[in-house]
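So that the names make sense, note that chain A is the first sequence line, chain B the second, and so on, each numbered from 1. The figures here come from the full heavy-atom set of this structure, side chains too, leaving out hydrogens, waters and symmetry mates.
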Protein chains: 2
Amino acid sequence: MSLPHAILASLLEKPCSGAELARRFDKSIGHFWQASHQQIYRELGKLDDAGMVESTGRDTGRGRERHYLVLPAGRALLEQWCRSEAAPRPVRDELLVRLRAAAVLGDVNLTAEISRHRELHQRQLEHYQDIQERDFPGTTAGRPAGGTEQDRLQYAVLRAGILFEEAWLAWSAETLDGTVKR
Amino acid sequence: MSLPHAILASLLEKPCSGAELARRFDKSIGHFWQASHQQIYRELGKLDDAGMVESTGRDTGRGRERHYLVLPAGRALLEQWCRSEAAPRPVRDELLVRLRAAAVLGDVNLTAEISRHRELHQRQLEHYQDIQERDFPGTTAGRPAGGTEQDRLQYAVLRAGILFEEAWLAWSAETLDGTVKR
DNA sequence: ATATCCATGTAACGTGTTACATGATTGT
DNA sequence: ACAATCATGTAACACGTTACATGGATAT
């Protein structure tokens, strides 16, 4: 149940239209909470009905651009959610199910698929590193060169992405090493 | 779309009833692909209708135990799926959304929540390590002490869980260090 | 004017979650 | 007989995905 909150956070940072929100999602929050434009429009509608956001151009219908703005109630909701507790989601990965299935079937070789994933993760890691260079220059590992509390939080989020991709790379390296080459 | 395949793999390993499947799920495949018993019954019904599995005790209705067995068609389906390609799912983590929101709000301290997650991940890691000791004794890191291809695949799956939890621990350590203590 | 693209929106479906209901089994 | 428990199942809903439809804006 974090999509509405992710939307509120993004809108709070900068009010915008649904389409722009969808685009911005792809480039920031979407790195760890994805949503299609249909989901976003749906949630924006609900948030509007609930009085959490305000939309310019009511009753404008289809092709008309609508701008959204977070209302105080929306900010309060986000803050409350932000202070609440939630359990971490367990891992959910299809490739691991495939590995388990291959272990049962006994005659499926997953080397190529693991390599393919490895390259995808490699590319994702490079992407994150590019963002790091752009947004947090002068930082090679650990903590940012300085900056506000907000910078540190943003950096922490990016850092999580980097560490996960690195974990994937480490895993695929040792797995390819152990399952095939020997 | 991997739940039916996860079920097929688990059933192929050992035919059983829906309830037992649900229980076994919690302890093995469920570590990286969770499902409630309702989901499992639903999928078992579909797999049965599709002729992928066979169930003893047709028309037995509610409280009657039903045993399921994978049919050749089911095995073929699993094998085909196992050879297919799929993109890795991007990270999806609520805590990171919270961090982003906190960065926007500016007055929410997430230290306690991060610590709490850290402990949960620590426990999960220990759980995986217990499994490692039990199922792959004599292995401290890297690859198992020997064994069949199937052992190596199973080990790789477990290893993925371990590496992810370690990545979480590394992240939370450096984040707690960078965001608060200074 | 018409082709193209963009923003918004609808519809249908699949997957995941929560709550509850019913029939069998077991223990007392 | 009765309670407790277990296995199976239903219902309703939230979330996510895919495909498509409509209105407006832009360019030729």
Query raised in the report: If you measure from CG on Leu176(A) to NE2 on His117(A), what distance do you get to the nearest 0.5 Å?
Result: 11.5 Å
Requested in this report: Kindly compute the distance separating CD1 (Ile162(A)) from CD (Gln132(A)), expressed to the nearest 0.5 Å.
Outcome: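 Taking CD1 in Ile162(A) and CD in Gln132(A), the distance rounds to 4.5 Å.
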Query raised in the report: Yes or no on side-chain contact (heavy atoms from CB on, under 4.5 Å) for Gln124(B) and Leu120(B), after CA distance, side-chain angles and deciding distance?
Result: CA-CA 6 Å; Gln124(B) 187 64 40; Leu120(B) 292 171; over 6 Å; no
Requested in this report: Would you check if the distance from the ring center of Phe164(A) to the ring center of Trp168(B) is below 6.0 Å?
Outcome: yes
Query raised in the report: Can you name the one residue among Leu21(A), Leu47(A), Asp48(A) that meets side-chain contact (heavy atoms from CB on, under 4.5 Å) with Tyr68(A)?
Result: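 Result: among Leu21(A), Leu47(A), Asp48(A), Asp48(A) is the only option passing the side-chain contact (heavy atoms from CB on, under 4.5 Å) with Tyr68(A).
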Report task. I would like to know whether Phe25(A) and His37(A) meet ring-ring contact (aromatic ring centres under 6.0 Å, His included); could you show each step before the answer? Result -> CA-CA 9 Å; Phe25(A) 240 72; His37(A) 80 269; over 10 Å; no
Report summary line: Contacts of Arg62(A) meeting side-chain contact (heavy atoms from CB on, under 4.5 Å) (sequence neighbours excluded), chain-then-number -> none
Query raised in the report: With the sugar-phosphate defined as primed atoms, P, OP1 and OP2, and the base as all remaining atoms, what B/S/- string results for nucleotides 2-8 of chain D, 5' to 3', for protein heavy atoms under 4.0 Å?
Result: -----BB
Query raised in the report: Reading nucleotides 11-18 of chain C 5' to 3', which nucleotides get B (base under 4.0 Å from a protein heavy atom), which S (sugar-phosphate only), which -?
Result: ----SBBB
Report task. Would you mind reading off the distance between Ile40(A) atom CD1 and dT17(D) atom C1', rounded to a whole angstrom? Result -> 13 Å
Report summary line: All heavy atoms of Arg116(A) vs all of Ala86(B), minimum pair found to be NH2-O, 2.8 Å
